[in-house]
2 protein chains.
Amino acid sequence: MDELSAGIADDRSVDFLATHPWPLRGARPVTETALHAVNAWWRAANYLSVGQIYLLDNPLLREPLTPDHIKPRLLGHWGTTPGLNFVYAHLNRVIRERSLHAIYIAGPGHGGPGMVANAYLDGTYSEIYDSIDRSEDGVRRLFRQFSFPGGIPSHVAPETPGSIHEGGELGYSLSHAYGAAFDNPDLLVATVVGDGEAETGPLATGWHGNKFVNPRQDGVVLPILHLNGYKIANPTLLARIPETELLELMRGYGHTPYLVSGGFDGEDPMDVHRRFAVVIDEVLDHIARIKADADSGALRGRPAWPMIILRTPKGWTCPREIDGHPAEDNWRSHQVPLRDARDTEAHTRLLESWMRSYGPDELFDENGAVAESVSALAPDGDLRMSANPVANGGLLRKDLRLPDFRDYAVDVPEPGATVSEATRVLGGWLRDVIEANPHDFRIFGPDETASNRLDAVFEVTDKQWNAESLPMDDDNHLARTGRVVEMLSEHQCQGWLEGYLLTGRHGLLNSYEAFIHIVDSMFNQHAKWLKTSRGIPWRRPISSLNYLLSSHVWRQDHNGLSHQDPGFIDHVVNKKADVVRVYLPFDANTLLSTYDHCLRSRDYVNVVVAGKQPAPNWLDMDAAIEHCTRGLGLLDWAGTERPGEEPDVVLAAAGDVPTLEVLAAASILRSRISELKVRVVNVVDLMRLQTQDKHPHGLDDQEYDAIFTADKPVVFAYHGYPWLIHRLTYRRHGHAHLHVRGYIEEGTTTTPFDMVMMNDIDRFHLVMDVIDRVPGLGAREAGLRQEMQDSRVRARAYTRLHGEDAPEIRNWAWTGPADGVDHRPNE
Amino acid sequence: MDELSAGIADDRSVDFLATHPWPLRGARPVTETALHAVNAWWRAANYLSVGQIYLLDNPLLREPLTPDHIKPRLLGHWGTTPGLNFVYAHLNRVIRERSLHAIYIAGPGHGGPGMVANAYLDGTYSEIYDSIDRSEDGVRRLFRQFSFPGGIPSHVAPETPGSIHEGGELGYSLSHAYGAAFDNPDLLVATVVGDGEAETGPLATGWHGNKFVNPRQDGVVLPILHLNGYKIANPTLLARIPETELLELMRGYGHTPYLVSGGFDGEDPMDVHRRFAVVIDEVLDHIARIKADADSGALRGRPAWPMIILRTPKGWTCPREIDGHPAEDNWRSHQVPLRDARDTEAHTRLLESWMRSYGPDELFDENGAVAESVSALAPDGDLRMSANPVANGGLLRKDLRLPDFRDYAVDVPEPGATVSEATRVLGGWLRDVIEANPHDFRIFGPDETASNRLDAVFEVTDKQWNAESLPMDDDNHLARTGRVVEMLSEHQCQGWLEGYLLTGRHGLLNSYEAFIHIVDSMFNQHAKWLKTSRGIPWRRPISSLNYLLSSHVWRQDHNGLSHQDPGFIDHVVNKKADVVRVYLPFDANTLLSTYDHCLRSRDYVNVVVAGKQPAPNWLDMDAAIEHCTRGLGLLDWAGTERPGEEPDVVLAAAGDVPTLEVLAAASILRSRISELKVRVVNVVDLMRLQTQDKHPHGLDDQEYDAIFTADKPVVFAYHGYPWLIHRLTYRRHGHAHLHVRGYIEEGTTTTPFDMVMMNDIDRFHLVMDVIDRVPGLGAREAGLRQEMQDSRVRARAYTRLHGEDAPEIRNWAWTGPADGVDHRPNE
């Protein structure tokens, strides 16, 4: 392998290389020897990719191919694979030559066989999966397992070493890449963007990540836009615009584009290797110069980071034509070009000659091990892209240093005696979390961090911004580096956070509740990733993905119906119970306690919905911790039951606004039907409502009944769509007696109390619900019921006249227990 | 107003104007008179916008402003509004001069007061809303209702005349615009793209719509990228990149950018008017030349359509500073710049001087009516953008001419006797729907129309594609015009379809089931639009938004877990029951019947999930129609109950794969426990399961019990996440006896039967479920239960060995009733 490294051996940049992660290569051209090694790797990777798609047996073609050697179900995607392999091979060369620290993100991750093949060639695969060893049997098992029952999926997946990017839904490669690059100044994130993927919205805005990364303190994303021209059944847009336009688009995105095109009409791949090698060396030198300038302080403004446009035929190196139709350089090679490989002699022969065209006898030794001439291109140890620990972030993850959240508690001498904006209190703690963890914790958000009242964080950090700045930005906490990253794209924020977590760091995404639905599908993919990776021993747990959803459904005062949607919770609970957690802290102290828990957890998605408006504090910190530890509990200071007695009715709530209405309703009931024994319950951890067989947080039935009773009416005021509570509790004893109020998709720009009235979750309606449901009360309390109805009418009339809620609503405050006895817990 | 029109009166283009919708203006400059009229309109619109945000009373400032005149809750968004008004005023001039047929899409639709103000100025608002007349009282009511309880929302909304674009979630203005432009060759869709919105993914790819519209047969989208520099709390990206980069980006997107910048540092707005008027005339002439060339056949390739970049200060014309902080040209003017207008004398005075700066006394006559000098700029009648019927598409909508779907029925001599790919059969009908409706029906999809087996449509139409073409495209049905539009962006497809429907046409979106979650949030917004517009008398019903979701969760043979997600249904049913419909036709004929119904319906969102793989046909067309009309029903040919007897157990299914498994289970039960009375039920219309108070399609309890019984065990095999069935049925009598199997988030790339086994919804498991749930059967049939368990083990072992399902699974076929009696309905 000396020859391979020879290109750089006597170069003056060697000293530089030894001390600097971003070495210049200098002017010395790539040797033909090195290029032949690259080509051998590429051929081997292509061979192994085709083999995975087609072969059950005879993996090295040591005998003539027969139908029995071919899989009965041919599944996979060939079209993108040779391009992925091509880039991988070239990256191996430059990683070796420059000791680069690089990972590979395969945007077209459906080219799964390629990424598996490369990980096999560099040895990682056999290190991780014992049975897939470096022998003919190992290759046989490698081929067989692909897209095979009990084997591995057809796409790049958590099972694939070196991957942080699932090959399912398209559009997130660049966001993941920039997420990985933040705070990894020595990391090169080589990111292949497929031209299909490039049409998606998230990818189209993903390019703008280059306006956020800091050239000195963050790593480098090298986008490689791979134009192979076709999607499943259509040409791709970016392959069908004039080249001048394409270059303008890339420059317009802020990049310096480098273009390589080749492999068409039978061009010798060696010629394409030659051109690509020159370009990638130029590109890496360009990056090295930017990095050096950034380090020395010579860099002014945002650099036009290089990117590569690689134009090669779809399905490159497969048969040019199959059954009279073009295959190579055509959409027909997207999946499995030879569909009848097992069924027709002609296709069997064509498959054999296709595979033999890669020269398997040169690529594997007589035992079936990868030939030394091929494997020598693999970088050493952790520098192999499939073995880089950055791509198995749990290996690198360190627990956060968390300041004691108890120190941030708001004072609550009596329930409701003080008022806070819950997220603002959390912001104070997050400020100190940032200060204690300056390198591996970030807050992402779509322009709403201040709106969501987390602005205390700006006392110690800034919003990272590497686009142009103006003097007026000084009072707006914009800076070249900072722990908060904001762009008006939930996709980008979610993708950045995922990339950041998957490479071993911590963070949260704060967003308006309604618009987190924008990333429903991204959440799906991440939850599936976590579900699968939990079953893979070599994947180490990563930090949980934490949402902080504020500006929630009930307080869209400036907006209206379009901003009212609490359904993300419903979406989330469809995913594996092992993975998802949903919390609805109802005041400042419960939010602090909840979030401390979330930032300590691993391998979950934590959804936390919290209010940002001034609202009463209900629990002091000790009570909050106890309440959050249980996940739910009685607010016994608010109820009127006595020890040893069963209540007549349970008023339950989840969420800050519903809890306020429940407490106001309890207050009315206490003063107006004093003999009624009311229990008040609050639920913070929604998953506690489920049975234990459905969710690990689930209460057992006895615990559940002890709180909700088995047979008393329960009136439950819930933050979101009411059916979710039914779903979570449908196997509970008391389910038939459960009556849920929640958001029923009614709303507009109006007052907070008008909002709760529009959805029948207001205090007056809750009292009516109690009267209607407690046996005997309906007849006895018809007068109070009518009074409640009248109160609703009056409240509505007031808002329509004055444009704000009536003073008795706005100024309502909890007045403590009527009997003078302090029921607060822990006292 | 002669002077206003004078600019064009003696121009040579007048004749052209009379006969051509896209007239050239020629060289004559805009008169100062015309510009003053534009400025007067702009001032009036700004005045009315500020008034809506702040004032309860004293609307025309006929007396000094006092706190009592000011709203107690100041809600709304000023920042973007003056820019929206500016563009609107200029468009009015050119519409008048050229008799343009134009609509206005306000990407920054949170500038709601602006769009309302313009609709008031041109008279439409008063025509639609009687009480908001053209008087001082009318203006008072106009102001008061804005963001006020019982009034109108703060954003552009269905209540806003001229709007097809809700001002809530950002990102879809260009997709909506291109959707409106398809098949409207004479329409100009002026589309203001906010620079905040421009950061979103959907908008970033929305620009590529210009590669699809046909210059001759479609309308023209004129994007106006409005850079006001700031979002809620941050600068915007596109305002903070070098101008050269911005221009390259726009050219890279395929546009010819025209740039106007002005209004900064107190520049006289008249100067900005002058520059913008020249540019918009140039732009419209540019468009007219493209259109003329397209009509004459002189146009070659895709034109670089013009677009405008308009750079003006955020909050333009509001106070430069407030309390020592910059307001105009700053993010602080995003919402309500003077937050204390009612509370501090200084702010009250500042508000008054701000409002008086527009010169209200010149803008309104003594009765408070809009001055003639202002209102004269309004185009005539339907040419007013707020009155254009295109923006109230129901006015223009015509029912589709639908070929009789019965003629496309597949032959079903016996249940299961024939096999079809259901969506392929539907494709045959859709082909003829297209042929019968060549101008107002389109199919949108992300590159999956052929994959979803709808390719029969290509016998009569093509995929519309105005990017570059190659000879090899000829066999791929790509053409300059066609009724199918495909781009690999679900966002773009959904946005196009919404724009197309909202302007009075018909269509459907076909997609892989899992990835329709990408547009969850867009669906939310459209469902909210429909919910609201149903309550607005002047909004006429539009065609339903029809989804065809195929490549569903159970048949992701090429892909895996990432492609498996049936949760869109769960997402959809959270929206108002009036608006949403969910259908799971289980074979070809039921799909035909279902889709015919969907294409006739209005103001719904119809979600149809259907299989594309070869699968048995169960119902002949008569039976299919009866079944679909009922929405659910007994498959009595599959059951073993006898007339007049109650069954021992009900096996129910919804979806094609679950129905197959249920029938196979029924078959096993019939042969192995012959005395067991099994009822088999299939549900096509999922909403039938709900009670009538929850959904208009709901069965009453008696009907429900007649099908599912009130007390017998029901084993329900459901296509999606099982909890949804519990949710829909939780108030039903038999709910405690209902046991649901469905997708429980288990899957990978594997065989179809392995997939159902992984989720315990396979035939063997269903038999076990029956044995476990029918009283007495558990003990008696322990042997059969074990046999079923063994069958599962055997089936799994077979697939792991052979890579495909065992022959007895693959080749299983319904064999007809064991007793020789034909139970089929209708016979």
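Keep in mind that this is a model prediction, so the values were computed, not measured. Chain letters run A, B, ... following the sequence lines, proteins first, then strands; residues in each count from 1.
Lys575(B) contributes atom NZ, which lies 3.0 Å from atom OH of Tyr721(A) (distance to the nearest 0.5 angstrom). The OG1 atom of Thr236(A) sits 9.5 Å away from the CG atom of Leu488(B) when rounded to the nearest 0.5 Å. Rounding to the nearest 0.5 angstrom, the gap separating the CG atom in Asn574(A) from the CG atom in Leu724(B) is 8.5 Å.
One N or O on the side chain of Lys528(A) and one on the backbone of Gln564(B) form a donor-acceptor pair closer than 3.5 Å.
Taking the six-membered ring for Trp and thresholds of 30 and 60 degrees, His571(A) and His571(B) have ring planes more than 60 degrees apart, a perpendicular arrangement.
Nearest approach of Leu237(A) to Ala467(B), heavy atoms of both residues: CD2-CB, 4.3 Å.
The greatest number of non-hydrogen atom pairs below 4.5 Å with chain B, out of Asn330(A), Asp473(A), Thr748(A), is found for Asp473(A). The choice from Leu75(B), Leu478(B), Thr750(B) that makes the most heavy-atom pairs within less than 4.5 Å of chain A is Leu75(B). Note: Arg731(A) leads Arg796(A), Glu448(A), Arg731(A) in heavy-atom pairs under 4.5 Å with chain B.
Neither the backbone nor the side chain of Ala527(A) comes within less than 4.5 Å of any heavy atom in chain B. Residue Trp529(A) does not touch chain B at all, counting heavy-atom pairs closer than 4.5 Å.
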CA sep, side-chain torsions, deciding dist, call: Asn559(B), His155(A), side chain to side chain donor-acceptor pair (under 3.5 Å): CA-CA 7 Å; Asn559(B) 301 298; His155(A) 296 181; 2.9 Å; yes
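Proximity of Leu470(B) to Arg240(A): side-chain heavy atoms (C-beta onward) are separated by under 4.5 Å at one or more points. Here the side chains of Phe146(B) and Thr749(A) are not in contact, with every heavy-atom distance at 4.5 Å or above.
Residues meeting the side chain to side chain donor-acceptor pair (under 3.5 Å) test with His802(A), sequence neighbours left out: none.
Here Glu804(B) does not pair with Lys71(A) in a salt bridge; the nearest charged N to carboxylate O distance is not below 4.0 Å. A salt bridge links Arg302(A) with Glu245(B); the closest basic N to acidic carboxylate O contact falls under 4.0 Å. Salt bridge Asp805(A)/Arg73(B): absent, no basic N to carboxylate O contact under 4.0 Å.
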